[in-house]
Amino acid sequence: MPELPEVETIVRDLQELIPGTTIKNLQILRPNVIRGSDTIFKDNLIGKTFQSISRRGKNIIANMDSGLILVVNLGMTGRLGLQQDDCVFTHPAIYFTLNFGKILVYDDVRRFGKLDIYSEQEWLDRSAQLGPEPLSPEYKHTDLHEKLNSSGSPIRSWLLDQKNVVGVGNIYANESLHLSGIHPQRPANRITKTESQLLYKALRKILLSAIQNRGTTLRNYRDVSGKGGNNSSKLRIYGRHGENCLSCSDQVQRISFSNRSAFFCPSCQR
Ligand SMILES: [Zn+2]
């Protein structure tokens, strides 16, 4: 599932290609990836020009010259890419024909992704319901600590809740908890101030280095040109159960709760 670093990589790719281009035509092959009517979706986008591309949490935000905002959430397996010789799309859902002769494809194997159109005010309201951006300069370790105090949820589940902090999914939650020495099942409100500072630093370090590595490809994730990310070989705990911890050589364990696997080192994480 694409998390903050993968979505950020796609957004940076799109920022080089898309602003200033106009949607000449729109072909919807799989209407269930669109929220609402496909006729209204087409009416709102055909003939409109992309002004800017940005990210909020795991959402790709496209501001159109009409003032409307196209929000793309990639769900589990969504992809946005340019149709070109070396870029293979197996499950195309939408074709955006652009005025410079290229086709932008939304492809989604499992179709849990969603494309939705918002007015500026509707998006502001929706965005206000989401938690803070972990890489924003305004986000401080004291903000994290304060919010942790008000919840008894296991920290791994707490990190996945987009109302607490956006963009973190299971891979980077597990990696950050290993780096900060916190057990994934520890209740959020039992994390000390010192530990929350370590977690804050770990979260930012893990996310930033994953962006530098253009994201983690375990199976489906691809960038706009169809290439996988380089971060999977850098993972220190996720998916490594049965192998030795890279910090202490104890054996990495896997447990499952809230329907998701968690990976941890019993010696390094308490
Ligand atoms: Zn260890």
Side-chain angles (χ1 to χ4, degrees), residues 1-9 58 131-135 139-162 164-221 228-270:
M1 178 188 283
E3 304 181 27
L4 187 153
E6 291 75 38
V7 177
E8 180 67 22
T9 302
K58 300 180 195 172
E133 288 287 337
L135 297 179
Y139 186 57
K140 307 291 183 206
H141 72 87
T142 45
D143 300 328
L144 173 64
H145 185 67
E146 228 166 80
K147 215 159 192 178
L148 285 170
N149 266 332
S150 61
S151 168
S153 300
I155 182 62
R156 196 287 314 266
S157 308
W158 189 93
L159 285 169
L160 300 191
D161 185 341
Q162 302 295 298
N164 294 325
V165 60
V166 292
V168 183
N170 206 26
I171 294 177
Y172 302 113
N174 276 282
E175 291 294 313
S176 305
L177 290 169
H178 181 247
L179 186 58
S180 51
I182 301 169
H183 191 286
Q185 283 179 307
R186 181 104 70 88
N189 54 12
R190 300 274 183 79
I191 290 171
T192 66
K193 197 159 191 177
T194 312
E195 286 172 327
S196 69
Q197 198 160 356
L198 290 173
L199 177 59
Y200 169 86
K201 282 187 186 155
L203 206 50
R204 288 167 74 114
K205 188 177 172 191
I206 294 282
L207 293 172
L208 282 171
S209 87
I211 292 172
Q212 263 174 4
N213 294 321
R214 300 188 57 80
T216 302
T217 298
L218 296 178
R219 194 180 299 171
N220 292 294
Y221 164 71
N230 306 315
N231 199 61
S232 58
S233 60
K234 308 288 191 297
L235 299 178
R236 291 180 65 84
I237 195 84
Y238 186 88
R240 297 192 62 254
H241 50 295
E243 296 175 41
N244 291 339
C245 170
L246 295 171
S247 307
C248 77
S249 81
D250 199 354
Q251 199 179 62
V252 174
Q253 309 288 313
R254 174 165 111 166
I255 45 172
S256 182
F257 58 95
S258 311
N259 293 320
R260 308 292 296 273
S261 291
F263 305 88
F264 68 99
C265 167
S267 299
C268 295
Q269 292 173 261
R270 300 297 167 103

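Read the numbers this way: they start at 1 and go in the same order the structure lists the ligands and their atoms.
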Angle at the Zn ion (ligand 1) (to 10°), with one arm to SG of C248 and the other to SG of C265: 100°
With a sphere of 6.0 Å drawn around NZ of K234, does it hold more than 12 non-hydrogen atoms of other residues, nucleotides or ligands? yes
Mind telling me whether H183 and F264 have parallel, tilted or perpendicular rings, with 30° and 60° as the class edges? tilted
To the nearest 10 degrees, could you say what angle the Zn ion (ligand 1) makes with SG of C268 and SG of C245? 110°
Sub-3.5 Å donor-acceptor pair from the side chain of E175 to the main-chain atoms of I237, do we have one? yes
Looking at the Zn ion (ligand 1), is there an N, O or S atom belonging to H178 that lies under 2.8 Å away from it? no
Is there side-chain contact between L199 and L177, with heavy atoms separated by less than 4.5 Å? yes
